[in-house]
Amino acid sequence: MRKYLLPLLLVLPLATTVAACGDDEGNPNALTVYSGRNEDLVGPLLERFEKESGVDLEVRYADTAELAATIREEGANSPADVFFGQDAGALGALAKEQLTAPLAQSQLGKVDERFRSPAGAWVGTSARARVIAYDSREYQDADLPQSVFDLTQPAWKGKVGWAPTNGSFQAFVTAMRKIAGEDRAKAWLEGMRANGVKTFDSNIAIRDAIAAGEIDLGLINHYYVLEAKAQEGDDYPVDVHFTKAGDPGSLVNVAGVAVLKSSEKQADAAKLVDFLLATEAQKFFAEETKEYPVADGVAAPAGVPPLADLEQPDIDLSDLDDLAGTLELIESSGAL
Amino acid sequence: MGLALATPLRRRIPPPALTLAGAACAAVVAVPLVYLAIVIGDHPDAAWEALWRERTARLIGRSLLLAAAVSLSASVLALTLAWLTVRTDLPGRRLWSVLVVLPFVIPSYIGAYLFVSALGPGGVIAQTSWIFGFWGAWLVLTLFTYPLVLLPVRAALRRLDPALEEAARGMGRRPFVVFATVVVPQLIPALGAGALLAIAYSLADFGAVSILRFDSFTRVIYQSYKASFDRTGAAALAALLVVVIVLVVIAERRIRGDRGRTRVSPGVARAATPVALGRWTVPALLFCGLVVAVALVIPVATLIVWSGRAFAGDPDWGRLLAAAGRSLATAGLAAGAAVLVALPIALLSARHPGRISRVLDTVAQTGYVLPGLVVALALVFVGTRVAPWAYQTLGIVVFALVVHFLPLALGSMRTALLQVPRSVEEAGRNAGRGPLAVWATITAPLAMGGTLAGAALVFLTTVKELPTLILLAPTGYETLATRIWSQSTVSAFEAGALPALLLLAVSAPPLFLLAAKER
């Protein structure tokens with residue numbers, strides 16, 4: 001037996017490889033999309049695009065920031081035609097490296113200028129709002145604070161949950177730094193800690209803890225609650241509260257798309273951008289992922305106020321790329 | 001006298017063909033180093049600025065402390081388990097010898113997550129806060145890396161001539177004292193190789209330290225990429241990590257010194273008479289049981305419970321099985337390729353120790369200490385510029401995996417070659433056989449145990465590797481590890497439990513082969 005082992009170990013995987021590779025024939029005409037958005041979320045939508053446009057897609061799913069770093073290393077040789085990213089910071093980073101092609105005015109014009117690159121390097125495709133999720137068995141919307149800064153008050157001691165490792169939370173802290181200044185952001189983080197804030201490792205864990213009655217409030221994205229309501233029914237005991245206009249607690253961030261300058265398939269790439277901004281895709285975001293549509297004319301998902309009613313803090317989303325400073329701040333406050 | 005301690009090795013000049021082959025293999029591994037040099041060379045000022053901070057010194061101190069603590073505790077655990085499963089009459093030791101290696105197949109990010117679920121805030125078993133930070137990282141990394149030490153140590157122990165220890169026992173010394181004073185010194189090359197791997201693993205790990213919030217080097221490198229898209233700063237820190245590991249390799253070599261101990265005769269190890277544990281049987285069983293329970297049974301049971309929902313939800317078995325096949329293929333190819341690439345370097349360093357072999361060996365160690373993301377991005381950079389035809393193919397994935405995990409094969413193979421007695425090879429030559437024939441009929445079969453251990457380590461590590469696969473594999477080439485990643489990022493971590501279980505299943509056959517081979 002012994003002397004056959006090594007050859008066996010070598011041959012076995014080779015055989016499996018041949019079998020495994022057979023089904024992955026590349027199509028040279030396909031449009032290559034690097035998607036930082038998860039396959040389970042946007043896969044069905046991209047399949048619809050293939051059917052309707054006749055353009056084949058090859059989609060590489062990975063972490064948004066890792067894909068942005070990859071495109072940067074690939075430079076002019078990037079196989080990617082389109083980058084579909086989860087947050088504005090990564091899109092902004094590619095734009096700063098001048099790797100993106102300018103989008104058409106007809107595309108940019110569909111989206112409020114708060115949710116796209118000022119230079120037209122990328123455009124938002126859907127939006128998510130930071131909210132205070134709360135236990136609706138215990139509270140009414142009117143009982144809740146107008147600003148996240150109020151959560152450091154004794155009334156909320158030990159009742160709030162957050163997820164400092166979460167990307168959306170960190171973007172919110174970055175926004176807070178920009179709006180209120182470093183010192184106030186730091187004081188808020190420390191104040192929350194002193195007020196017994198409970199730490200979770202994800203938005204979902206926070207939502208579930210509220211539903212279980214473990215905590216009363218949580219800082220999360222709006223769609224986690226809407227998803228649970230869609231699954232569990234309207235008597236699901238968690239609701240969302242928006243802080244007052246301009247407060248970082250209701251920051252609206254986007255997922256968005258950019259076309260790469262190095263792509264030789266600009267026409268097909270433009271078709272995909274058009275598709276993502278058209279009614280069908282925008283409705284998909286509202287209905288399936290419970291995000292805010294950002295292009296004209298499609299209503300917000302049920303259960304949240306329309307996007308126009310949320311007054312975005314005065315901030316350029318491309319500037320949310322200074323996460324390093326935020327991480328240092330979060331760490332120095334002891335929250336991480 | 002069956003053993004010649006510190007046999008002086010003749011420092012012959014290696015054959016040029018071997019040196020050339022060794023250099024070519026080391027050049028493969030140097031790809032990330034070239035990349036780091038290019039990135040840093042682009043913006044030397046920014047790189048210097050990223051390094052020259054007070055934080056950097058603290059980072060080095062913290063990371064080295066963790067690595068040292070992990071490798072120490074992993075070595076103690078591995079030595080004890082190796083002795084119990086090889087040299088004693090521990091009941092069921094065949095089974096134990098498989099079980100105690102299995103924790104290695106659990107990816108550190110899953111292990112860390114499970115420990116946080118069990119012991120963190122809101123934990124199922126207890127609610128503690130020490131799980132975050134140094135102690136949690138130390139515990140989790142120890143539990144999931146000790147097999148890195150155990151495998152080479154056990155392979156060496158099985159090949160060790162029991163004559164000396166039996167003689168010592170015959171003189172009335174107690175088994176444990178014999179083990180500590182007679183056996184352990186002979187295991188130092190294997191132990192050193194394993195401890196080095198544990199150190200490098202702890203330095204390079206990202207998954208566990210990020211979940212356990214221990215601010216290590218790797219975590220800062222990742223943040224540099226992910227949070228500020230700053231590749232120069234990340235490259236500078238990664239280069240510093242390479243310097244650190246080179247220093248550790250040199251230190252390990254100093255400590256190991258000239259202890260390449262070689263058994264002169266007989267050609268094949270005689271079975272050792274097992275030590276009767278007697279009244280220590282129950283504590284020994286409890287010890288093995290505790291390790292297996294904490295590092296294997298509880299994690300696996302948790303995964304099974306979490307998978308329950310996925311089972312009920314009628315998972316896409318075709319897709320999962322295809323992913324399992326790809327995991328198997330990728331890891332198997334990587335293991336085979338790593339063994340081939342490691343061979344010339346291992347031969348040089350075991351048979352012709354000298355400056356050349358030392359340099360090649362050191363270069364080969366550097367890939368392992370770099371975070372997976374850095375290795376993957378290096379191959380992205382080089383691949384798109386030098387070999388666009390190979391970019392995003394299985395070929396470049398295997399290449400990257402070899403660059404990253406070569407030391408896993410190298411350590412075991414070098415140790416195995418060191419244990420093949422030169423005199424037996426020379427006897428073969430004197431009998432009129434050519435060097436290749438001697439190698440094929442004498443050296444290779446005798447070194448097979450260590451080689452297989454090395455291949456198994458590479459297989460078990462690459463099967464759970466994430467960034468390399470995600471960034472370099474052909475589009476749509478989904479493996480179990482990438483499936484775990486994509487499912488657990490979209491919803492709760494628990495969603496990835498089913499592919500995680502399959503990952504363990506895929507990892508089991510090489511382990512059982514290995515255990516069967518060890519007889």
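A quick note: this is a predicted structure, and the numbers were derived from the prediction, not measured. Quick note: numbers below take in every heavy atom, side chains included, and nothing from hydrogens, waters or symmetry partners. In what follows, chains are A, B, ... by sequence order, proteins preceding strands, each numbered from 1.
Atom OH of A:Tyr34 sits about 6.5 Å away from atom OG1 of B:Thr475, to the nearest 0.5 Å. One finds the OG1 atom of A:Thr70 at 13.5 Å from the CZ atom of B:Phe381 (value rounded to the nearest 0.5 Å). We find the CD1-CZ distance between B:Ile470 and A:Arg60 to be 9.5 Å, quoted to the nearest 0.5 Å. Here the CG-OG distance, from A:Asp63 to B:Ser486, works out to 12.5 Å after rounding to the nearest 0.5 Å. Here the OG1-CD distance, from A:Thr32 to B:Gln392, works out to 7.5 Å after rounding to the nearest 0.5 Å.
Within a 6.0 Å radius of CD in B:Glu49, other residues, nucleotides and ligands contribute 12 heavy atoms or fewer.
A:Asn203 does not touch chain B: none of its heavy atoms, backbone or side chain, sits under 4.5 Å away. In this structure, the portion of B:Tyr222 lying under 4.5 Å from any heavy atom of chain A is its side chain and not its backbone. Interface remark: B:Leu471 contributes backbone and side-chain atoms alike to the contact with chain A (heavy atom separation under 4.5 Å). Proximity to chain B (any heavy atom under 4.5 Å) is restricted, for A:Ala68, to the side chain, taken from C-beta onward. There is no contact between B:Ile38 and chain A, counting heavy-atom distances below 4.5 Å. In this structure, chain B has a heavy atom under 4.5 Å from the side chain of A:Glu328, while its backbone stays farther away. B:Ala473 touches chain A through its backbone: at least one of N, CA, C or O sits under 4.5 Å from a heavy atom, while the side chain does not.
One side chain, B:Tyr391 or A:Glu74, offers a donor N or O that lies under 3.5 Å from an acceptor on the other.
The pair A:Glu66-B:Arg231 fails the salt-bridge criterion, with no side-chain N (NZ, NE, NH1 or NH2) lying under 4.0 Å from an Asp/Glu carboxylate O.
Here the closest non-hydrogen pair linking A:Tyr61 and B:Trp485 is O-CZ3, 4.1 Å.
The closest side-chain heavy-atom distance from B:Arg385 to A:Asn77 is below 4.5 Å.
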